[in-house]
Amino acid sequence: MSANLRATAATLCYQVVDQGKSLSDVLPKAQLLFINPADKALLQEMCFGLMRQLPQLDFVCQQLMSKPLVKQLRPLQFLIYLGIYQLKFLRIPDHAAVGETVEAARYLKGQSMTKLINGVLRSVQRQPELFEFADAPLSVQTNHPSWLVQALQQAYPQQWLEIIAANQQKAPLWLRVNTKRCSVEKFTADLTAMEIGFSQPVPEMPQAILLDKACDVTILPGYVWGFFAVQDLAAQYAAVFLAPENGELILDACCAPGGKTGHLLELAPEARVLALDKDPARLVRVRENLARLGHEAIIKAADAAEPGQWWDGQLFDRILLDVPCSATGVIRRHPDIRWLRKKPDIAALALLQQQILAAVWPTLKPGGVLLYATCSVLPEENQLQVQRFLDAQPDAQAIPLRASHTASEWQLFPGQSQADGFFYAKLQKKAIA
């Protein structure tokens, strides 16, 4: 089973890097093949770890192999990366890491490669100097693609190293107490009774719970009854900034997986919320999440950029516009993003965001509020995007995110306040005189 697990991990990483598939899509399906929760967790750890360290693993391989494996042998190249990752980063005995990795080659029809794989891994054991990267390219030193390093350097000359360092860390587990179903006091008391360590590090948001250790959330108190939702701190600010009120008509465009939709309905249970997403498959999860939490919304599969498909002409009081983006702010949570995203994607995404923003703005009533959000750290998708819209839209004005603050925008970096990277901007449509 251990060898099969390693073969599965290598195959998944090959599918991400060479075939452009997302770990979010392929990993959960692969985990169903394993019964033991520890095996499921190890599979994720191996895939996530390989994605984080890929340039350095490849750099080591280049020094030990005359040429990389290609074509039908390509998954075996990722198996070698995986073997090196185990030796250097996991608490797995060396003999097990080497033996199980060599054995895993047989599951990948690579019997003829076992000698090569064993030789590479034995060399890694004997030569710790292979992991000295001071003279390596910056992409290897940082474990990030060159285009992204350059973009971060240009945008944030003082903070780019901190952003990259945060991306290399494991993301913590944040919860949001569903106050419709359970008080914060009861939920925290239940956590204490189960001896589950936690903190509430943001005084202004007591419902935001940070667990000391990640765990299977289905074992936490009240999961079945919807006492909480899994949601990063950065994402929890969306509903707080939008500040929905009972009786209002609210649009949650690009709503999947529904975490922000649920939060809006917790803050304003009597609001009418239209939740849109272009992908009908993703709306299945939205319905499941809202049902568990005890919320109801109008859910439609439609493209936010095409209001003719979904808008009945009734103007919205508030709009949450969490647009598709590069997701460069959540790389620590989804480490494969750095290999799935390419430089040309940013311009294409910025254009799509521009189109969606322009399309939904007419559906907002005069005096209404739109909150623009991304989980990106790139200015092209954030500050520059909003400024472009304000320059082109005479009836749009920036307003403070909260009454207690003067800023109308906020760029949150990954790791800041132990949260994901996120961007918010709050816009209001000028009332007709």
Side-chain angles (χ1 to χ4, degrees), residues 9-10 12-14 16-18 20 23 45-70 73-92 94 97-98 101 113 116-170 326 328-329 331-332 334-346 377-378 413-415 421:
L12 295 180
C13 292
Y14 158 73
V16 169
V17 178
D18 283 26
L23 272 182
E45 169 62 33
M46 287 183 172
C47 291
F48 276 39
L50 195 156
M51 291 294 101
R52 289 190 186 99
Q53 307 295 149
L54 180 58
Q56 293 182 359
L57 298 173
D58 182 63
F59 188 78
V60 170
C61 277
Q62 290 178 31
Q63 300 174 72
L64 298 174
M65 300 172 62
S66 59
K67 58 182 179 180
L69 302 179
V70 296
L73 297 178
R74 186 67 174 153
L76 292 164
Q77 182 68 59
F78 287 87
L79 183 62
I80 296 174
Y81 296 150
L82 185 62
I84 300 172
Y85 176 73
Q86 294 171 75
L87 290 172
K88 302 303 293 188
F89 298 103
L90 294 185
R91 295 179 180 178
I92 294 176
D94 284 6
V98 174
T101 301
M113 294 290 106
L116 169 66
I117 295 172
N118 183 73
V120 170
L121 298 184
R122 295 298 183 190
S123 295
V124 170
Q125 285 181 288
R126 294 190 300 266
Q127 302 178 55
E129 67 275 10
L130 292 169
F131 273 79
E132 296 175 1
F133 304 113
D135 297 325
L138 195 55
S139 59
V140 173
Q141 295 181 39
T142 61
N143 279 309
H144 282 63
S146 297
W147 74 265
L148 182 54
V149 174
Q150 293 169 3
L152 292 175
Q153 287 177 316
Q154 181 176 357
Y156 309 108
Q158 303 301 321
Q159 300 106 331
W160 71 275
L161 277 173
E162 294 178 14
I163 295 172
I164 283 176
N167 288 346
Q168 288 300 101
Q169 304 302 311
K170 296 179 182 179
S326 64
T328 46
I331 286 176
R332 63 178 190 159
H334 301 285
D336 54 329
I337 286 171
R338 68 189 87 186
W339 314 123
L340 294 173
R341 290 285 177 266
K342 309 298 180 186
K343 185 176 181 179
D345 294 342
I346 307 307
V377 295
L378 301 179
F413 293 132

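Every heavy atom of this structure was used, including side-chain atoms; hydrogens, water molecules and symmetry mates were not. Numbering of residues begins at 1 and proceeds along the displayed sequence.
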Between [X] and [Y], what is the shortest heavy-atom contact and its length?
X      : Y      : answer
Cys13  : Cys47  : SG-CA, 3.9 Å
Leu378 : Ile346 : CD1-CD1, 3.6 Å
Leu121 : Gly83  : CD2-C, 3.7 Å
Ala97  : Ile92  : N-CG2, 3.8 Å
Ser123 : Leu64  : CB-CD2, 3.8 Å
Pro414 : Ala166 : O-CB, 3.2 Å

*asked:* Measuring from atom CD1 of Ile164 to atom CG of Leu148, what distance do you get when rounded to the nearest 0.5 angstrom?
replied: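 Rounded to the nearest 0.5 Å, the CD1-CG separation comes to 6.5 Å.
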
Is the shortest heavy-atom distance from the side chain of [X] to the side chain of [Y] under 4.5 Å?
X      : Y      : value
Arg122 : Asn118 : yes
Phe78  : Asp18  : yes
Leu54  : Asn143 : no
Pro145 : Trp339 : yes
Gln150 : Leu138 : no
Asp58  : Val140 : no
Asp345 : Ser326 : no
Leu76  : Ile80  : no

*Go through Cys61 and Tyr81 one step at a time and tell me if the side-chain contact (heavy atoms from CB on, under 4.5 Å) criterion holds.*
CA-CA 8 Å; Cys61 277; Tyr81 296 150; 3.7 Å; yes

*Chi angles and distances behind the side-chain contact (heavy atoms from CB on, under 4.5 Å) call for Gln56, Val60*: CA-CA 6 Å; Gln56 293 182 359; Val60 170; 5.7 Å; no

*Please list all pairs passing the side chain to side chain donor-acceptor pair (under 3.5 Å) test where one or both residues lie in residues 128-140, with sequence neighbours left out.*
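Output for this query is empty, none listed.
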
_Option from His144, Arg332, Arg52 for which side-chain hydrogen bond (donor to acceptor under 3.5 Å, both in side chains) with Asn167 holds_ =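 Going through the options one by one, the only one that passes is His144.
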
_Here's one to test your reading of the geometry: is the NZ or CZ of Lys88 within 45 degrees of the ring axis of Phe131 and under 6.0 Å from its centre?_
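The answer is yes, since Lys88 meets both limits relative to Phe131.
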
Applying side-chain hydrogen bond (donor to acceptor under 3.5 Å, both in side chains), can you list everything that pairs with [X], at least two apart in sequence or on another chain?
X      : result
Gln77  : none
Thr101 : Gln86
Asp94  : Gln125
Gln168 : Gln53, Arg338

*Any chance the side chains of Tyr85 and Glu45 put a donor and an acceptor closer than 3.5 Å?*
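Present: a donor and an acceptor within the cut-off.
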
Would you give me the side-chain donor-acceptor pairs under 3.5 Å for residues 156-163, sequence neighbours excluded?
{"residue": "Tyr156", "atom": "OH", "partner": "Val377", "partner atom": "O", "Å": "2.6"}

*Please test His334 against Phe48 for side-chain contact (heavy atoms from CB on, under 4.5 Å), starting from the C-alpha separation and ending with a verdict.*
CA-CA 8 Å; His334 301 285; Phe48 276 39; 5.5 Å; no

*Do Val17 and Met51 pass the side-chain contact (heavy atoms from CB on, under 4.5 Å) test, and can you show the C-alpha distance, the side-chain angles, and the key distance before you say yes or no?*
CA-CA 9 Å; Val17 178; Met51 291 294 101; 3.8 Å; yes

